[in-house]
Amino acid sequence: MWGLSGQSFGRTLTPTLKMRSTWGCCSRTLFSASAVTAKRSGDAGRAPQVLVNEGGGFDRASGSFVAPVRGVYSFRFHVVKVYNRQTVQVSLMLNTWPVISAFANDPDVTREAATSSVLLPLDPGDRVSLRLRRGNLLGGWKYSSFSGFLIFPL
């Protein structure tokens with residue numbers, strides 16, 4: 001039995017690596033999506049292009065992932081600005097709370113990426129999404145992606 005204790009986003013984690021019968025139901029929870037329209041700070045935009053959505057956790061209409069089971073998940077995003085002198089700030093949101101942010105702010109380059117990754121403990125129904133908090137992705141939207149997967153259930 002392996003254990004981990006600690007506080008994470010107000011939650012106490014005490015996972016164990018017991019193989020339970022529920023493991024098989026959720027072991028293939030993963031998604032990857034890319035933007036299909038230009039984005040400005042605060043815009044909802046059109047639904048993203050879903051490249052894979054194994055387990056059905058990615059909600060295309062809202063562009064967010066909804067956790068089907070309690071577990072530890074991995075998320076990563078890669079957002080590109082092209083020919084854009086503005087600072088771009090992108091935050092990965094857990095429900096309505098910003099967990100991590102990434103910036104692209106060099107005015108002297110033609111292409112720059114804001115990218116980050118994180119491991120998060122989620123409960124069923126928790127929603128993970130990206131929010132463009134500053135700038136715009138006009139021109140770079142088609143090079144941007146958001147992906148995630150279940151590492152193990154808790």
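Judged by distance alone, the side chain of Ser144 and the main-chain N or O of Val80 form a donor-acceptor pair under 3.5 Å. Panel note: side chain Thr115, backbone Phe77; a donor-acceptor pair is recorded below 3.5 Å. Proximity of a side-chain donor or acceptor of Asp59 to a complementary backbone N or O of Phe65 within less than 3.5 Å is not detected. Using a distance-only test at 3.5 Å, with no hydrogens or angles considered, a donor-acceptor pair links the side chain of Asn53 to the main chain of Phe58.
Taking the six-membered ring for Trp and thresholds of 30 and 60 degrees, Phe146 and Phe31 have ring planes more than 60 degrees apart, a perpendicular arrangement.
Residue Leu154 forms a side chain to side chain contact (heavy atoms under 4.5 Å, CB included) with just one option from Asp123, Val72, Leu122, and that option is Val72.
Atom CD of residue Glu54 and atom CZ of residue Arg28 lie 4.0 Å apart, to the nearest 0.5 angstrom. A distance of 9.5 Å separates CG of Leu30 from CG of Leu150, quoted to the nearest 0.5 Å. Atom CG in Leu92 sits 10.0 Å away from atom OG in Ser117 (nearest 0.5 Å).
Between Ile151 and Ser74, the shortest heavy-atom distance links the atoms CD1-CB, 3.9 Å. The minimum heavy-atom distance between Phe75 and Gly148, with the atom names listed, is CD2-CA, 3.9 Å.
For the pair Phe149 and Arg76, the minimum side-chain heavy-atom distance is below 4.5 Å.
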Practice problem: Take Val99 and Leu120 through the test side-chain contact (heavy atoms from CB on, under 4.5 Å) and record every step on the way to the result. | Solution: CA-CA 9 Å; Val99 177; Leu120 288 176; 3.8 Å; yes
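Leu119 and Val66 are not part of a single hydrophobic cluster, where members link through side-chain heavy atoms under 4.5 Å apart. Residues Tyr73 and Ile100 are members of one and the same hydrophobic cluster, defined by side-chain heavy-atom contacts under 4.5 angstrom among Ile, Leu, Val, Met, Phe, Trp and Tyr.
Within 6.0 Å of the CZ atom in Arg131, the count of heavy atoms belonging to other residues, nucleotides or ligands does not exceed 12.
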